[in-house]
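These notes concern the structure reproduced below.
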Amino acid sequence: MYGRVYGVAVIGVEGHLIRVEAHVGRGLPALAVAGLPGTGVLDGRERVRPAVESAGLEWPLRRVVVNLSPANVRKEGPGFDLPIAMGVLAASAQVPAARLAGFALAGELSLKGELVSTPGILAVAMAAARAGLEGVIVPAANAAEARLVEGLSVIGAATLTEVAGFLRRTWRPPDEHPEQGERREAPSPPGAGLASVDLADVRGQGLARRALEIAAAGGHNLLMVGPPGAGKTMLARRLPTILPAMTRQEALEVTRLHSVAGLLGGGGLVGVRPFRSPHHSISQAGLLGGGTGFVRPGEVSLAHNGVLFLDEVTEFRRDAVEGLRQPLEDGRVIVVRASGAVEFPARFVLVAASNPCPCGFEGDPRRSCRCPPHRAEQYRQRLSGPLLDRIDLQLSVPRLTRGELTGTEPGEPSTVVRERVEEARARQRARLSGTPWACNGQLPGTFARRHTRSAPDAEAALADAVEGFSLSGRGFDRTVKVGLTLADLEGSDRVEVRHVREALAFRAMGQQQEVAPVG
C-alpha cells in the first residue's frame, strides 16, 4: 500500500517542495524515515503514532517506511509531522489520496492529535503557490500568515481529526470574515507600536537629530560616540518613528523572516519596521545567524528592512562585530555549513553607540578621564578601520548643558521629521525605479558615481577630500551617497558643494580616531 503527499522543507527563508511517500508493507510494526531527515523530523516518529490514535484513526500494525524526496535535501523541523501522518493514512486507505495531490501540508502534532503552531508557515505557503498547488493545510494558529499569499486556498485545522474530515469532505473550515482579513493585511501606520516614544522627547542634540534624519532618509549607517547619559540610546530608539512605512513587499519579507524564526505568534502581516537591540554578550551565530542542525536567522536578518541597534558596540565580541562587514556591504548573510550554504536577507540600518573610553569621559569638559592612555587606545581599537569605513555617519554626542536639561521647549516631533523623510524617499523611489534598490544607502558605489549629478565645485570638493580626509574608495562612494541624500532632503536635483561638505563633516570624527589594523 502506497500513499504520497507534499510537504515543504524550509531552508533559510525559502521553502522547497518535498514528496512524502509512505509505504505500508510486511514486517514487524515499525516506522522508518528515509531521505536525509534531521533530528526534528526523526523525533516526530514518536509523536505521529500517538497523534493518529488519539484522533480516532487507525495506525497500521505493519512495517511503515516513509521516504522524503529529493533525498539530497536536508529536512529539519517539526513541520513534517502532519505530512508523515497523512501519508501513512493515505497508504492505509483511511483518507482519499487523490484529494491530497493538490495540497502541501505542514504542522507539528501533539500526542493528543492537535496541530501545534509551527514556524515557517509563510515560507511553506509561498512554496506551494510557486509550485502551482491548490492550497495548503496548516495549523489553525498559522492560518493567518498563510492567507497572506494570494491565490492560495488555506485550510486551517486545529486537530488531525479535522484534517481527515476535510479530505473525506465531512468537515469544512469556518469561512474567515472578509473584514477580519482586510484588517489583518492592512499595513500599520508609520511609527505604530512606538507611540510611547517621539523625537520631540530629545532635548538639544541638534547634530544628532540631523544625523538621524539623514540616516532615515537614505538608509545610512550611524555611529554615535559620547559620554554616559548623553542620550545615545534615547536617540537610537526614536529612529523607527521617523522611518517611512514599509511597502507590502517589504512587509512580506519581514513577516517571512519572523515566521521562520518562530516570532510571528500566529499573527498576520508585520506592518512595523523591526527594531532589534541585542545584548552585547550575543554570540556570532546569534548576531549573524547559524546554529547546529536547523540554521536560524540572526539578529541582522531579524532587523531586515528595519534598524539594528548595537548599544555599547565596543563591548561586543570582536568576531561578531567584524562579521557585520558582509551584510553592511551586500545586504545579505551567507551561512555555510557542511550540509550546504544558507542565505538570509540582511538589509538594515545600523545604529551603533559607544563611549569614547572605558570610563566614558575622555574629552568631557566637566569630568576628567581616569583611563590610562594605553587602555583608552585599546578600547578604541575594538572597532576596526574596515568596519568604520562602512559607517556613513559618525559623530560625537556631547553631554547636555544645563539649559538643555532644564528647558521646557519640546523638539521637533517625529511626525514632522517623517514627512521630510518620506518626501526624500519618494524622490529616491522615482530615481531608482526599475532597479533592485530602494534608497541611496543601498546603491553600489559605481552606480552612485555614474548616476549622481553634481555641481562642479562639489566634484572639486570631493576630489580634494580624497587626500585631505584620506578617503578610501568605499569612503568616497559613501560620501557621494550621503551627499545625494542631503540633496534629496532639500529637494535639489543635483549635489551641491554644501551637501558634500556636510557629508564629509560626518566622516571627520572617524578619520581622527585611531583604529585597529585591517583583519
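- If you run side-chain hydrogen bond (donor to acceptor under 3.5 Å, both in side chains) between H304 and each of E253, R347, E250, only E253 comes through.
- Take E14 and apply the side-chain contact (heavy atoms from CB on, under 4.5 Å) test, not counting sequence neighbours, and it matches H16, R130, R256.
- A donor atom on one side chain and an acceptor atom on the other are not found under 3.5 Å apart for T247 and Q249.
- Between the D311 side chain and the T233 main chain, no donor and acceptor come within less than 3.5 Å of each other.
- Taken to the nearest 0.5 Å, the CD atom of E213 stands 12.0 Å off from the NE2 atom of H220.
- Of the candidates K481, R478, R427, R431, N440 forms a side-chain hydrogen bond (donor to acceptor under 3.5 Å, both in side chains) with just one, namely R431.
- Taking CG of D477 as the reference point, atom OG1 of T446 lies at 7.5 Å (rounded to 0.5 Å).
- S301 contributes a side-chain N or O that, together with a main-chain N or O of P345, makes up a donor-acceptor pair within less than 3.5 Å.
- A salt bridge links E322 with R318: at least one charged nitrogen is closer than 4.0 Å to a carboxylate oxygen.
- Counting only heavy atoms from C-beta outward, the side chains of L350 and L328 approach each other to under 4.5 Å.
- The closest side-chain heavy-atom distance from V254 to P274 is below 4.5 Å.
- Remark: of the listed residues V41, L42, V8, V33, V41 is the sole one forming a side chain to side chain contact (heavy atoms under 4.5 Å, CB included) with K75.
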**OP:** Go through the steps for R317 and S281 under the test side chain to side chain contact (heavy atoms under 4.5 Å, CB included), then give the verdict.
**Re:** CA-CA 7 Å; R317 288 176 47 169; S281 62; over 6 Å; no
Residues V52, L89; criterion side chain to side chain contact (heavy atoms under 4.5 Å, CB included); working and verdict: CA-CA 9 Å; V52 169; L89 293 176; 4.0 Å; yes
Given F348 and F275, is the ring pair (Phe, Tyr, Trp, His ring centres under 6.0 Å) satisfied, shown in steps? CA-CA 10 Å; F348 54 88; F275 179 86; over 10 Å; no
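- For E329, the CD atom sits in a packed shell: over 12 heavy atoms of surrounding residues, nucleotides or ligands are nearer than 6.0 Å.
- M246 contributes atom CE, which lies 10.0 Å from atom CG of L243 (distance to the nearest 0.5 angstrom).
- Neither side chain, E114 nor T159, offers a donor N or O lying under 3.5 Å from an acceptor on the other.
- Closest approach of L57 to A164, counting heavy atoms only: CD1-CB, 4.2 Å.
- Counting only distance, with no hydrogens or angles, the side chain of S259 and the backbone of G120 share a donor-acceptor pair below 3.5 Å.
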Could you walk me through whether T255 and L264 pass the side chain to side chain contact (heavy atoms under 4.5 Å, CB included) check?
CA-CA 7 Å; T255 305; L264 202 55; 3.7 Å; yes
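- Distance alone, capped at 3.5 Å, places no donor-acceptor pair between the S354 side chain and the E312 backbone.
- Counting only heavy atoms from C-beta outward, the side chains of P278 and L308 approach each other to under 4.5 Å.
- Side chains of L115 and V163 form a contact here, defined as non-hydrogen atoms less than 4.5 Å apart.
- From S414, atom OG reaches atom CG of L199 across 4.5 Å, with rounding to the nearest 0.5 Å.
- V351 and A236 get closest at one heavy-atom pair: CG1-CB, 3.8 Å.
- The structure places CD of Q94 at 12.0 Å from CG of L167, a figure rounded to the nearest 0.5 Å.
- Contact between G306 and R273 at its shortest, heavy atoms only, is CA-CB, 4.3 Å.
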| task | Verify side chain to side chain contact (heavy atoms under 4.5 Å, CB included) between R237 and V197, making sure each step is shown before the conclusion. | result | CA-CA 8 Å; R237 292 192 178 277; V197 298; 5.6 Å; no
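- Using a 4.5 Å heavy-atom cutoff, the side chains of V342 and V13 are not in contact.
- Panel note: side chain S92, backbone V88; a donor-acceptor pair is recorded below 3.5 Å.
- Considering only heavy atoms from C-beta on, V116 stays 4.5 Å or farther from P139 through its side chain.
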**Request:** Report the C-alpha distance between R238 and D198 in whole Å, list the side-chain angles of each, state the deciding distance to 0.1 Å, and finish with yes or no for salt bridge (Lys or Arg N to Asp or Glu O under 4.0 Å).
**Result:** CA-CA 6 Å; R238 280 148 183 78; D198 194 280; over 6 Å; no
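- Contact detail for A216 and P244: the closest heavy-atom pair is O-CD, 4.4 Å.
- In this structure a side-chain-to-backbone donor-acceptor pair under 3.5 Å is missing from N142 to I121.
- The shortest side-chain heavy-atom distance between V349 and L222 does not fall under the 4.5 Å cut-off.
- Among all heavy-atom pairs drawn from I334 and Q326, the shortest one is N-OE1, 3.8 Å.
- A donor-acceptor contact shorter than 3.5 Å is absent between the side chain of S433 and the backbone of A430.
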For residues 63-73, please give each side-chain donor-acceptor pair under 3.5 Å, one per line with the distance, not counting sequence neighbours.
unit_1, atom_1, unit_2, atom_2, d
N67, ND2, E21, OE1, 3.0
S69, OG, R19, NH2, 2.8

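- Between the side chain of R62 and the backbone N or O of L28, no donor-acceptor pair lies under 3.5 Å.
- Residue C439 holds its SG atom at 4.5 Å from CZ of R425, rounded to the nearest 0.5 Å.
- The nearest pair of heavy atoms linking P83 to Y6 is CB-O, 4.3 Å.
- Salt bridge annotation for R74-E76: present, with a cationic side-chain nitrogen under 4.0 angstrom from a carboxylate oxygen.
- Between V95 and F166 there is no side-chain heavy-atom pair separated by less than 4.5 Å.
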